[in-house]
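In what follows, a single structure is set out as structure tokens and then discussed.
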Amino acid sequence: MTTAVPNAVRYTEPILGWYAEHARDLPWRAPDATPWGILVSEVMLQQTPVARVLPIWRRWMERWPTPAALAAEPSGEAVRAWGRLGYPRRALRLHACAVAITERHGGQVPSSYEALRELPGIGAYTAAAVASFAYRQRHAVLDTNVRRVLARLIGGVEYPPRSQTAAEVALAESLLPHDAPTAARWSVAIMELGALVCTARNPRCVDCPVLAECAWQRAGRPAYDGPPRRGQAYAGTDRQCRGRLLAVLREADGPVEKAALDVVWSDPIQRERALDGLIADGLVDPLEDGRYALPS
DNA sequence: AACACGTGGGA
DNA sequence: TTCCCAAGTGT
């Protein structure tokens, strides 16, 4: 038996109203933001806080305002401009996106979910986000923020399951307003609610527009009881080693000697493995003369 | 379906 | 200081 009260009244309207008043004015949300700018922001924001993305995004858009502008440069320039945002393979894939958009889509970021999904580095979330935010379409946009809001608001638990389920997708789709532009606004609104109010730690429930509807609140905000949610060691890992190695190349003006890489990581076995990994990923180019460079 | 993949800031 | 985690994707 479904409720007689339409979801639009219970969730949509309060959250849209809250968003209208409390949304951050981020540059990729400005009226003059382009689909390319929005796509770039979405890739940069993957697993990365807004505060760190902001300056890099501004510099990036100033330098490469169109996909064609980026496509015209070596991929290594994208890796260099990526700076310390993390997960530098994203920079490589963004460059590959620019090439694909230039070659296959006449330089215009495609608007269909399917075409977006085929671009390198664009998965289910990012394709839905770009289609929604750049083209005002109606898609379930299910990121970590939205999953957490739905887990609490509807599921009555503190955190969503570790990996995304079909039930979550179905739920997100069932909540989508029928009208496409409204659905797009709803998607960004519920995401923003998760980012600003319904946060992972210390949620600001007092500021929540749907506190009265919240199943987690109603249940007395029980603490998460499932298996440990995290545990990613970093110190001493290949990831850290790769980061050190790539930082050397990023900060160098041109190719570097092998010795310049050797000094940043003491364990030669791990160092070589990490370097081979970077080369395999296309993030590092081994030159004929024995030196190493960012890819061209 | 797990696991690899960077980085830095807040609690 | 240590731990958690921030608009995921590809294999």
Side-chain angles (χ1 to χ4, degrees), chain A residues 23-24 26-29 33 37-57 79 82-94 96-97 116-134 139-149 158-166 168 172 184 187-196 198-203 224 227-250 264-265 270 273-274 276-278 280-284:
Chain A
R24 294 167 291 183
L26 301 168
W28 44 85
R29 288 180 185 160
I38 291 168
L39 187 156
V40 170
S41 78
E42 289 301 337
V43 173
M44 288 184 174
L45 287 162
Q46 291 168 5
Q47 305 283 284
T48 310
V50 167
R52 291 231 302 285
V53 166
L54 241 15
I56 305 290
W57 184 87
V79 174
W82 198 254
R84 307 186 67 78
L85 268 189
Y87 294 142
R89 290 189 294 193
R90 291 183 293 168
L92 226 39
R93 294 187 179 129
L94 203 39
C97 262
L116 286 163
R117 190 65 185 72
E118 286 175 22
L119 296 172
I122 308 300
Y125 161 75
T126 306
V130 173
S132 299
F133 307 153
H139 298 275
V141 179
L142 208 47
D143 77 326
T144 186
N145 290 305
V146 176
R147 294 184 64 222
R148 188 175 54 249
V149 172
E158 187 176 18
Y159 297 119
R162 186 186 303 299
S163 45
Q164 186 177 301
T165 65
E168 289 180 273
S187 293
V188 71
I190 189 173
M191 200 177 320
E192 187 79 336
L193 185 67
L196 298 184
C198 196
T199 51
R201 284 174 299 184
N202 307 116
Y224 176 79
R229 303 195 313 132
R230 282 273 168 162
Q232 54 168 6
Y234 182 63
T237 61
D238 285 12
R239 279 156 87 174
Q240 184 183 32
C241 183
R242 288 167 54 108
R244 292 262 188 90
L245 260 16
L246 200 58
V248 172
L249 292 171
R250 220 192 287 121
V264 300
W265 198 264
Q270 188 174 29
R273 182 173 67 232
D276 285 347
L278 287 169
D281 287 347
L283 282 163
V284 172

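Labels below follow one simple rule: chain letters A, B, ... track the order of the sequence lines, proteins then strands, and each chain is numbered from 1.
Distances shorter than 4.0 Å separate none of the side-chain N or O atoms of A:R244 from OP1 or OP2 on B:dT7. Contact annotation: A:R250 side-chain N/O to B:dT7 OP1/OP2 distance is under 4.0 Å.
With sequence neighbours left out, A:R244 forms a salt bridge (Lys or Arg N to Asp or Glu O under 4.0 Å) with no residue at all. The side-chain contact (heavy atoms from CB on, under 4.5 Å) check on A:I56 picks up A:M44, A:R59, A:L85, with sequence neighbours excluded. Under the rule for a side-chain contact (heavy atoms from CB on, under 4.5 Å), the partners of A:A96 that lie at least two apart in sequence or sit in another chain are A:P120. Residues forming a ring-ring contact (aromatic ring centres under 6.0 Å, His included) with A:Y125 (at least two apart in sequence, or on another chain): none. For A:A33, the side-chain contact (heavy atoms from CB on, under 4.5 Å) partners two or more places apart in sequence, or in a different chain, are A:I38.
For A:W28 and C:dA7, the CH2 to P distance is 12 Å, given to the nearest whole Å. Atom CD1 in A:I56 sits roughly 13 Å away from atom C1' in B:dG8 (whole-Å rounding). In this structure, A:L54 atom CG and C:dA7 atom C1' are separated by 13 Å, rounded to whole Å. Whole-Å rounding puts the A:L193 CG to C:dA6 C1' distance at 17 Å. Computed from coordinates, the A:W82 CH2 to B:dC5 P distance equals 17 Å when rounded to whole Å. Computed from coordinates, the A:L246 CG to B:dA4 C1' distance equals 16 Å when rounded to whole Å. Atom CZ in A:R84 sits about 17 Å away from atom P in B:dC5, given to the nearest Å. One atom, OH of A:Y234, and another, P of B:dC5, lie 10 Å apart when rounded to the nearest Å.
Along DNA chain B, the nucleotide nearest to A:L278 and the one nearest to A:S163 differ in position, and the one closer to the 5' end is contacted by A:S163. Each of A:R201 and A:G243 has a nearest nucleotide on DNA chain B; the 5'-most of these lies closest to A:G243.
Considering only heavy atoms from C-beta on, A:W82 stays 4.5 Å or farther from A:L246 through its side chain. A heavy-atom distance below 4.5 Å is found between the side chains of A:I122 and A:V43. Contact check for A:E168 versus A:V146: no side-chain heavy atoms found under the 4.5 Å cut-off.
Residue contacts for A:R24: at a heavy-atom cut-off of 4.0 Å it reaches a base atom on one of the strands shown. Using a 4.0 Å heavy-atom criterion, one finds that A:I38 contacts no nucleic acid atom at all. Here A:R242 lies in heavy-atom contact (under 4.0 Å) with sugar-phosphate atoms only.
Annotation: B:dA1 and C:dG10 have their C1' atoms spaced 13 Å apart (nearest Å). Here the separation of C:dA7 from B:dA11, taken at their P atoms, is 15 Å to the nearest Å. Look at the C1' atom in both B:dC5 and C:dC5: the space between them is 15 Å, to the nearest Å. Taking the P atom of each, C:dT1 and B:dG8 are spaced 16 Å apart, rounded to whole Å.
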Pull out every protein N or O sitting under 3.5 Å from an N or O of nucleotides 8-11 of chain C, one pair per line with the distance.
residue	atom	partner	partner atom	Å
C:dG8	OP2	A:Q47	N	2.8
C:dG8	OP2	A:Q47	NE2	3.2
C:dG8	N7	A:Q47	NE2	3.4
C:dT9	OP1	A:G123	N	2.8
C:dT9	OP1	A:G123	O	3.4
C:dT9	OP1	A:T126	N	3.0
C:dT9	OP1	A:T126	OG1	2.8
C:dT9	OP2	A:Y125	N	3.4
C:dG10	OP1	A:G121	N	2.7

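Of all nucleotides listed (B:dT7, B:dC5, C:dA7), B:dC5 comes nearest to the side chain of A:R239. Among the nucleotides B:dC5, C:dA7, B:dT7, the one closest to any side-chain atom of A:E192 is C:dA7.
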